[in-house]
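Side-chain atoms are counted along with the backbone in the values below, which use heavy atoms only and exclude waters and symmetry mates. Here is the naming used below: chain letters follow the sequence lines, and residue numbers restart at 1 for every chain.
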Amino acid sequence: DTGVSQDPRHKITKRGQNVTFRCDPISEHNRLYWYRQTLGQGPEFLTYFQNEAQLEKSRLLSDRFSAERPKGSFSTLEIQRTEQGDSAMYLCASSSGRGETQYFGPGTRLLVL
Amino acid sequence: GNSVTQMEGPVTLSEEAFLTINCTYTATGYPSLFWYVQYPGEGLQLLLKATKADDKGSNKGFEATYRKETTSFHLEKGSVQVSDSAVYFCALSEPPFYGGSQGNLIFGKGTKLSVKP
């Protein structure tokens with residue numbers, strides 16, 4: 001069990017560019033969650049997957065945000081046309097089922113200039 | 001809607017002092033309650049949890065009791081160490097038997113704890 005990993009750990013981009021983050025969950029965890037954490041706040045839920053199905057996406061912050069989990073293993077979160085307000089830490093978590101403990105990755109820190 | 005409120009920090013204590021971080025929640029139904037900890041430069045780690053009223057979660061000398069009557073889940077430790085310096089987050093998750101539960105966590109804003117030697 002190597003834990004949840006995220007890549008990259010840091011990303012600096014210019015406003016208007018697209019960025020994509022990757023999350024590799026703990027193997028055999030069928031649930032995968034994305035959260036956003038801004039400075040001085042707790043994580044805020046964005047979306048989640050059960051296997052490859054995205055079961056909730058209404059909390060994604062705008063239509064510039066999208067997420068995939070094509071084979072039910074790793075997931076990607078994409079932000080199109082980034083804005084300065086997108087600067088935050090993006091966290092991924094996985095669990096073995098609904099109601100089970102969520103294990104978090106180290107996060108990807110995004111800075112939009 | 002569901003929410004978590006925790007005491008604002010920062011909290012600064014001397015080593016071996018007693019720690020309390022208050023957490024109250026608002027939720028429909030009977031959520032599970034959690035404390036997560038974020039050490040400097042590291043990801044969120046589950047510290048302890050409780051899934052029903054009167055349950056006590058404990059780990060690494062920390063304790064919290066699920067109090068349904070006061071909708072609280074206060075974190076306590078009898079004697080803090082410098083290594084406990086971190087940000088502590090209280091969170092809730094709707095239980096799975098309430099239809100449509102996503103299992104996502106709702107977090108408080110976090111409380112930064114600094115322990116001085």
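Heavy atoms of other residues, nucleotides or ligands lying less than 6.0 angstrom from CD1 of A:Ile12 number 12 at most. For B:Gln81, the CD atom sits in a packed shell: over 12 heavy atoms of surrounding residues, nucleotides or ligands are nearer than 6.0 Å. Counted within 6.0 Å of OH on A:Tyr103, heavy atoms from surrounding residues, nucleotides or ligands total 12 or fewer; the atom is thus considered open. Within 6.0 Å of CG in A:Leu113 there are more than 12 heavy atoms belonging to other residues, nucleotides or ligands.
Side-chain contact between A:Tyr35 and B:Phe107: present, with at least one pair of heavy atoms (C-beta onward) separated by less than 4.5 Å. Contact check for B:Leu105 versus A:Pro43: no side-chain heavy atoms found under the 4.5 Å cut-off.
With a 4.5 Å cut-off on non-hydrogen atoms, B:Leu46 touches chain A through its side chain but not through its backbone. Interface remark: A:Arg9 contributes side-chain atoms only to the contact with chain B (heavy atom separation under 4.5 Å). If you measure heavy-atom distances from B:Gln45 to chain A, you find no contacts under 4.5 Å at all. Of the atoms belonging to B:Ile106, not a single heavy atom falls under 4.5 Å from chain A.
Atoms CD and CG, on A:Gln102 and B:Asn104 in that order, are 7.5 Å from each other to the nearest 0.5 Å. In this structure, B:Phe89 CZ and A:Gln37 CD are separated by 4.5 Å, a value rounded to the nearest 0.5 Å.
By the criterion of side-chain heavy atoms lying less than 4.5 angstrom apart, applied directly or through intervening Ile, Leu, Val, Met, Phe, Trp or Tyr residues, A:Trp34 is not grouped with A:Val4; the two fall into different hydrophobic clusters. At a threshold of 4.5 Å between side-chain heavy atoms, the hydrophobic network of Ile, Leu, Val, Met, Phe, Trp and Tyr places A:Met89 and A:Phe21 in two separate groups. In terms of hydrophobic clustering, with Ile, Leu, Val, Met, Phe, Trp and Tyr side chains grouped at heavy-atom distances under 4.5 Å, A:Leu55 and A:Phe49 are assigned to different clusters.
Without hydrogens or angle criteria, B:Tyr36 side chain to A:Phe104 main chain gives no donor-acceptor distance under 3.5 Å.
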